[in-house]
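As structure tokens, the structure follows; a few thoughts come after it.
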Amino acid sequence: MIDSQQVESGLPGIVVTGASGRMGQMLIRLLLESDQARLVGALERPGHDWVGRDIGEAMGGAAVGVTVSDDAVTEIARAQAVIDFTSPAATVAFAELTAQARAVHVIGTTGLEESDLAHLKAAARHAPIIRAGNMSLGVNLLLGLTRKVAAALGEDWDIEVVEAHHRHKVDAPSGTALMLGEAAAEGRGARLADLRVPAREGITGVRETGSIGFSAIRGGDVVGEHDVIFAGAGERIVLRHLATDRALFARGAIRAALWGQDKGPGEYDMADVLGLG
Ligand SMILES: NC(=O)C1=CN([C@@H]2O[C@H](COP(=O)(O)OP(=O)(O)OC[C@H]3O[C@@H](n4cnc5c(N)ncnc54)[C@H](OP(=O)(O)O)[C@@H]3O)[C@@H](O)[C@H]2O)C=CC1
Ligand SMILES: O=C(O)C1=N[C@H](C(=O)O)C[C@H](O)C1
């Protein structure tokens with residue numbers, strides 16, 4: 001339950017979008033327990049059957065005093081931060097409102113296209129946007145390791161990124177896989193767009209030297225697993241991250257929302273939040 005102490009304490013007020021989603025519900029649970037931030041709004045799309053209900057009750061528990069709303073303009077106007085794990089179209093729309101409210105926008109949504117990123121760039125001229133395809137410390141450390149290993153090994157070491165996720169995931173490769181591929185390409189002084197090979201099928205021909213391949217597995221309730229494979233002659237290096245609890249991502253997102261409170265407009269990522277340079 002939201003208590004008056006939380007409100008009076010002046011803790012940053014956070015609105016969660018996609019409140020009924022896997023990440024939305026996880027964020028709400030953690031925010032209700034937090035002594036550093038407070039939940040001030042829970043958004044769902046118009047027509048969703050949770051709209052108008054207390055979010056605690058909708059999630060199967062006791063009332064917490066926050067009603068699920070479909071009025072993004074009103075909710076975001078009173079937020080210090082918006083935490084957003086939804087879909088690319090929704091995230092672009094929320095970015096405009098969050099910029100107008102001069103609130104911090106923490107974006108975990110993956111599957112964003114170049115055109116979506118251009119909208120986010122424009123919004124970040126007015127308020128901070130912190131975006132990462134993965135909010136965990138482990139993956140953000142792995143990005144640096146991937147960059148280093150790719151830089152140390154020659155092109156005769158083939159790089160493949162393999163990821164596994166639950167059956168409900170709608171985008172592939174995962175946002176994390178693309179970040180890891182980007183880090184590997186950077187290590188080689190190149191852009192991923194020039195090296196990327198999507199999932200293979202049929203008569204593909206032999207592997208192109210220097211390319212970076214992607215494979216995705218979908219099934220069950222896998223939270224998120226990523227391997228970066230460096231395959232050489234007679235040996236292989238595998239850098240692996242296994243996420244076993246999506247609370248990990250929610251904690252990272254809340255940390256980002258707090259970190260962003262004294263930041264000016266601009267685009268930031270989890271390396272900034274975690275001080276990883
Ligand atoms: N960066 C990170 O660390 C992580 C990123 N993710 C990413 O977060 C996103 C969400 O994942 P997850 O929680 O598992 O997905 P879910 O499908 O469980 O939740 C998504 C939520 O967003 C809502 N939503 C989608 N489109 C809109 C819209 N146009 N307007 C309003 N609400 C909308 C959905 O509502 P409805 O059900 O009505 O469609 C749903 O409540 C994905 O892109 C995923 O890859 C996930 C975990 C970690
Ligand atoms: O959809 C998910 O669940 C996840 N998505 C993110 C991604 O696309 O990398 C992060 C995490 O792996 C879970």
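We count residues from 1, following the sequence as given. What you see below is based on every heavy atom in this structure, not just the backbone, and it leaves out hydrogens, waters and symmetry mates. Atoms within each ligand, like the ligands themselves, are counted from 1 in listed order.
- Using 4.0 Å as the threshold, G133 has a heavy atom nearer than that to some atom of ligand 1.
- Enclosure of atom CZ in R200 by more than 12 non-hydrogen atoms of other residues, nucleotides or ligands within 6.0 angstrom is indicated.
- Closest protein heavy atom to atom 5 (C) of ligand 1: G108 O, 3.0 Å.
- Listed by atom number, the atoms of ligand 1 under 4.0 Å from F249 heavy atoms are 3 (O), 47 (C), 48 (C).
- Heavy atoms from other residues, nucleotides or ligands lying under 6.0 Å from CZ of R236 number 12 at most.
- Counting non-hydrogen atoms of other residues, nucleotides and ligands closer than 6.0 Å to CD of E57 gives a total above 12.
- Using a 4.0 Å heavy-atom criterion, the residues that approach ligand 2 are T110, G133, N134, H165, H166, K169, S174, G175, T176, V223, H226, F249.
- When each of T86, T110, T98 is tested with T91 by the rule side-chain hydrogen bond (donor to acceptor under 3.5 Å, both in side chains), just one qualifies, namely T86.
- In this structure the side chain of S20 reaches within 4.5 angstrom of the side chain of E44, judged on heavy atoms.
- At most 12 heavy atoms of other shown residues, nucleotides or ligands fall within 6.0 angstrom of atom CZ in R240.
- No heavy atom of R246 sits closer than 4.0 Å to any atom of ligand 1.
- Protein heavy atom nearest atom 30 (N) of ligand 1, with residue, atom name and distance: A90 CB, 3.6 Å.
- Atom 44 (C) of ligand 1 has as its closest protein heavy atom T110 OG1, 3.6 Å.
- Contacts with ligand 1 closer than 4.0 Å are made by backbone heavy atoms (N, CA, C, O) of A132 only, the side chain lying farther away.
- Taking every heavy atom of S87 and a limit of under 4.0 angstrom, the matching atoms of ligand 1 come to 25 (C), 26 (N), 27 (C), 29 (N).
- Closest to atom 39 (O) of ligand 1 among all protein heavy atoms lies R45 NH2, 2.6 Å.
- Put simply, V66 and V68 are part of the same group of oily side chains (I, L, V, M, F, W, Y) that touch within less than 4.5 Å, one to the next.
- The main-chain N or O of G275 is never found under 3.5 Å from a side-chain atom of D272 such that the two would form a donor-acceptor pair.
- Protein heavy atom at the shortest distance from atom 20 (C) of ligand 1 is F85 O, 3.8 Å.
- Ligand 1 has an N or O atom lying under 3.5 Å from an N or O atom of G21, backbone or side chain.
- Considering only non-hydrogen protein atoms, atom 37 (O) of ligand 1 sits nearest to S20 OG, 4.4 Å.
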Test side-chain contact (heavy atoms from CB on, under 4.5 Å) on L27 and I254 and set out the steps.
CA-CA 8 Å; L27 283 157; I254 294 169; 4.0 Å; yes
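- When non-hydrogen atoms are compared, ligand 1 lies under 4.0 Å from the side chain of E44 (C-beta onward) but not from its backbone.
- Ligand 1 has no nitrogen or oxygen under 3.5 angstrom from a nitrogen or oxygen of F94.
- Here the heavy atom of the protein found nearest to atom 9 (C) of ligand 1 is T86 O, 3.4 Å.
- Scanning all protein heavy atoms for the shortest distance to atom 11 (O) of ligand 1 gives M23 CG, 4.4 Å.
- For D221, the CG atom counts as loosely surrounded, since its 6.0 Å shell holds 12 or fewer non-hydrogen atoms of other residues, nucleotides or ligands.
- A salt bridge does not link R131 with E267: none of the charged nitrogens is closer than 4.0 Å to a carboxylate oxygen.
- The heavy atom nearest to atom 12 (P) of ligand 1, considering only H48, R22, K169, is found in R22.
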Test side-chain contact (heavy atoms from CB on, under 4.5 Å) applied to V273 and Y268, step by step
CA-CA 8 Å; V273 175; Y268 305 92; 5.7 Å; no
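- Cluster partners of V149, by chain and number: L142, L143, L145, L153, W157, I159, V161, L178, M179, L180, L192, L195, I212, F214, V228, F230, I237, L239. The rule joins Ile, Leu, Val, Met, Phe, Trp and Tyr whenever side-chain heavy atoms lie under 4.5 Å apart.
- The shell of residues lying under 4.0 angstrom from ligand 1, judged by heavy atoms, excludes A89.
- H241 has its side chain within reach of S136: a pair of non-hydrogen atoms, C-beta onward, lies under 4.5 Å apart.
- With respect to the salt-bridge test (charged N to carboxylate O, under 4.0 angstrom), the residues E182 and R147 do not qualify.
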